[in-house]
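The structure presented is a predicted model; accordingly, all values stated were derived computationally and were not measured. Side chains are part of it too, since the values below use all heavy atoms of this structure and drop only hydrogens, waters and symmetry mates. In the text below, chain A, chain B and the rest are named by the order of the sequence lines, each starting its count at 1.
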Amino acid sequence: MKNKLRSMAKSNAFQSIVASLLCIIVGLVIGFIVLLIIKPDGAWKGITDLLKGYFKYTSNPNKILEYFSQTLIKAAPLIMCSLSILFCYKVGLFNIGVAGQYCVGMGLSIYAAIAWKLPWWLCMLVALIAGGVMGTIVGVLKAYRNVNEVISGIMLNWISLYLINILLKMVQKLNISETRDIPKAGRIPALGLDKLMGNRYASIAIPLAIIIAVAVYIILDRTKFGYELKATGFNKNAAKYAGMAEKRNIIITIAIGGALAGLGAAMLYLTNFQHWETDTSSVPSMGFNGIAAAFLGGLNPIGCLLSSFFIQHITEGGAYVDKMTYSSEISDLISSIIIYLCGFVLFIKYMMNKKIARSEEKRAASGHEEPLPGTDAAVIVKESAKGGDE
Amino acid sequence: MLLLLQYTLLYSSVLILVALGGCFSEHSGVINLGLEGTMVMGALGGALTMHFMPNLPPFLMIVMVILISMTVGLIYSLLLAVASVSFKADQTIVGTAMNMLAVAAATVIVKAVNSSFNPNNPSAELKYHEQRTAFIVRIGKSGGFEFNWFMLVTVIILVAAYVLLYKTKFGLRLMACGEHPQAAASVGINVFKMRYAGVMISGLLGGLGGIVYIASADSMWKFSNGVLGFGFLALAVMIFGQWKPQRIALAALVFGFFRALSSVNVGIDFIKALNIPDSVYKMLPYIISLVVLALTSKKSRAPKAEGIPYDKGMR
């Protein structure tokens with residue numbers, strides 16, 4: 001029994017979950033302290049309102065369902081952005097350009113739907129290609145011109161934003177700098193989901209995002225292509241030596257990452273849930289929240305589903321905080337603290353492993369327990385090798 | 001035309017300060033992507049100073065605002081220093097988080113301050129219309145050129161940064177830590193201390209850049225807007241300037257000019273006649289730096305060890 005517990009504590013998945021929960025708890029505690037500083041008597045109510053969100057409508061299950069599906073509608077693009085980050089991170093690339101890829105996916109899919117009156121699936125394809133092209137630029141610059149992907153990603157974020165503003169000004173409403181409604185043909189079909197979830201914007205985008213998350217998991221974990229990508233991320237030179245086309249892999253990876261982000265944007269904007277304001281002067285925050293979701297999800301596609309939902313939940317929760325005392329940005333504050341803490345995940349895991357190793361040493365020295373049947377050293381070696389690939 | 005010159009100089013001042021900040025941090029070996037956030041916090045510190053002490057005499061006002069902005073920027077940059085130097089955290093994640101955190105925190109703080117004065121005013125805006133006149137010296141009649149003390153401060157800091165980086169023991173050691181930290185350590189330089197210093201200097205300059213940005217051209221600021229990407233533009237300036245103070249100054253003038261064009265293009269006839277959307281002017285600096293990067297990255301002068309946490313055991 002004890003051995004089982006100990007090997008569980010050593011497993012990477014377990015450590016990732018503990019680290020993520022730790023980040024969330026510390027983030028919430030700091031958020032609570034900020035509320036205490038602003039106004040002590042309402043702080044507890046503030047933080048519980050934020051966490052409860054729409055679940056406070058306990059007497060009205062329909063309302064809960066409606067807001068729940070609203071969270072899901074916005075979580076779908078967030079899932080896609082986090083998948084984009086995680087996919088690229090496996091190859092050792094930090095795809096900070098996800099915001100720009102999201103931006104062009106959004107812009108071109110809206111334009112295709114309104115100006116060219118294309119059907120929804122073609123619009124999604126346009127978004128996918130647009131995001132992919134954006135990603136390819138980063139990949140080519142990285143592979144052939146040795147340009148750091150973080151820097152080129154940041155530059156492309158802003159270039160995309162301004163380009164899209166110019167483009168979407170052509171399809172904006174009269175006298176209002178906001179895009180027009182998406183025509184019926186351009187909207188993602190609901191196939192009954194809207195009735196089921198009691199929200200007219202609910203569409204097949206939600207299950208589609210979940211399916212894609214599973215697909216990414218399978219590609220990374222069960223295919224030769226995924227293995228090559230991870231090997232390239234591990235050690236570029238070793239992968240090259242083993243006959244893998246490391247340049248091609250870099251470009252393909254970040255192109256796929258861009259395509260995921262572009263598609264994610266189409267999943268939100270082709271439901272007509274939201275319009276783009278053509279005077280927007282900052283890069284959409286969805287991309288950066290995607291970074292949060294990816295790392296909070298322990299860089300695992302299934303973890304990303306949960307973390308994306310959680311981040312979207314507390315972002316929406318900000319609206320339920322008493323506006324007379326606190327501002328709704330408190331939820332942004334908490335989620336940004338959580339991302340900041342995600343930077344420490346490696347350190348937390350290192351400390352956990354150190355602690356386990358020390359307690360094992362102690363036990364071995366005191367001789368309380370029978371030595372494990374032979375395999376102990378082998379297991380440790382294996383585990384530490386495994387620890388590296390996440 | 002004078003207006004265009006004035007805005008070019010103001011925007012260039014901001015870019016010079018912040019890009020120099022990034023330059024110090026990167027020369028020590030830490031990539032500071034959190035400059036945008038540092039600017040927001042510095043701006044917040046300065047704006048709150050003007051808000052709470054509106055009756056200071058002009059000279060004291062200038063000194064106080066500059067000092068407090070720099071201090072707030074310094075404190076905020078410690079978030080990056082502690083995480084990336086002491087805990088070897090991923091610098092990209094931490095920098096990104098700092099940018100989001102700064103906007104959220106500044107909005108929360110400003111809203112709390114505003115509603116404590118007037119419960120019916122939960123806005124994220126601070127006004128400092130009267131106070132900012134302390135920074136301005138009008139030359140000629142009204143509508144003429146407005147000299148801003150921040151321009152002078154920027155020139156002084158530019159010269160100081162050049163001397164500090166190239167002519168002092170500290171600067172040369174700092175650069176060694178960004179090129180090859182193990183070699184630096186082998187001759188007795190404390191790499192951790194130097195990297196802390198690099199990040200903290202970038203915090204000082206980033207914070208100052210923030211207040212220069214919001215106080216030079218506007219008489220109020222909405223903090224939920226952050227600083228509209230100026231921190232990232234400064235990173236572009238730093239790259240275009242190849243991590244060298246004198247080139248950074250030139251690059252900042254070029255990029256500041258484009259930014260100024262996007263702000264005042266309506267006021268100038270021949271530019272107005274071209275009828276180019278102002279988004280294009282805003283986009284140009286980023287496109288230029290991307291092209292420059294693509295052409296020069298193979299023999300880039302970027303510090304070699306930037307972004308890599310220092311590990312004593314590595315060789």
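Here A/Ile151 is the residue among A/Val345, A/Ile137, A/Ile338, A/Ile151 with the most heavy-atom pairs under 4.5 Å with chain B. Ranking A/Leu341, A/Ile154, A/Ile291, A/Ile38 against chain B, the residue ahead of the rest is A/Ile154, based on heavy-atom pairs under 4.5 Å. Interface summary for chain A: among B/Ser279, B/Ala124, B/Ser224, the most heavy-atom pairs under 4.5 angstrom belong to B/Ser279. When the candidates B/Ser289, B/Ala105, B/Ala83, B/Ser115 are compared by the number of heavy-atom contacts under 4.5 Å with chain A, B/Ala83 comes out ahead. When each of A/Asn146, A/Val140, A/Leu141, A/Ile159 is scored by its heavy-atom pairs under 4.5 Å with chain B, the top score falls to A/Ile159. Options A/Ile37, A/Leu163, A/Ile334, A/Asn157 differ in how many heavy-atom pairs under 4.5 Å they form with chain B, and the most are formed by A/Leu163. Highest contact tally toward chain A, considering only B/Asp90, B/Val108, B/Leu33, is held by B/Val108 [criterion: heavy-atom pairs under 4.5 Å]. Residue with the most contacts toward chain A among B/Thr96, B/Ile287, B/Thr92, B/Leu233: B/Thr92 (heavy-atom pairs, distance under 4.5 Å).
Only the side chain of B/Lys111 comes within less than 4.5 Å of a heavy atom in chain A; its backbone stays farther off. There is no contact between B/Ile109 and chain A, counting heavy-atom distances below 4.5 Å. Proximity to chain B (any heavy atom under 4.5 Å) is restricted, for A/Val150, to the side chain, taken from C-beta onward. Heavy atoms of A/Ser282 lying under 4.5 Å from chain B are absent altogether. The parts of A/Leu333 that come within reach of chain B are both its backbone and its side chain, each placing non-hydrogen atoms under 4.5 angstrom from that chain. Only the side chain of A/Phe347 has a heavy atom closer than 4.5 Å to any heavy atom of chain B. Looking at A/Phe94, only its side chain comes within 4.5 Å of chain B, counting heavy atoms on both sides. If you measure heavy-atom distances from A/Tyr144 to chain B, the contacts under 4.5 Å come from the backbone alone.
Distance check: A/Thr253 OG1 to A/Leu93 CG gives 6.5 Å after rounding to the nearest 0.5 Å. One distance of note links OG of A/Ser335 with CD of A/Gln312; it measures 9.5 Å at 0.5 Å rounding.
Ring centroids of B/Tyr11 and B/Phe230 are separated by less than 6.0 Å, placing the two rings close together. Aromatic rings of A/Phe295 and A/Tyr89 (six-membered ring for Trp) have centroids within the 6.0 Å cut-off, being under it.
By the neighbour-count criterion of 12 heavy atoms within 6.0 Å, atom NZ of A/Lys355 is sparsely surrounded, having that number or fewer from other residues, nucleotides or ligands. For A/Phe32, the CZ atom is densely surrounded, since the number of other residues' heavy atoms within 6.0 Å is greater than 12.
Residues B/Ile31 and B/Glu26 meet the side-chain proximity criterion, which asks for heavy atoms closer than 4.5 Å.
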Take B/Tyr196 and B/Ser86 through the test side-chain hydrogen bond (donor to acceptor under 3.5 Å, both in side chains) and record every step on the way to the result.
CA-CA 9 Å; B/Tyr196 261 91; B/Ser86 299; 2.6 Å; yes

Would you check, one step at a time, whether the test side-chain contact (heavy atoms from CB on, under 4.5 Å) holds for A/Leu51 with A/Ile314?
CA-CA 6 Å; A/Leu51 282 176; A/Ile314 59 168; 4.1 Å; yes

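If you check the side chains of B/Lys222 and B/Ser123, you find no donor sitting under 3.5 Å from an acceptor.
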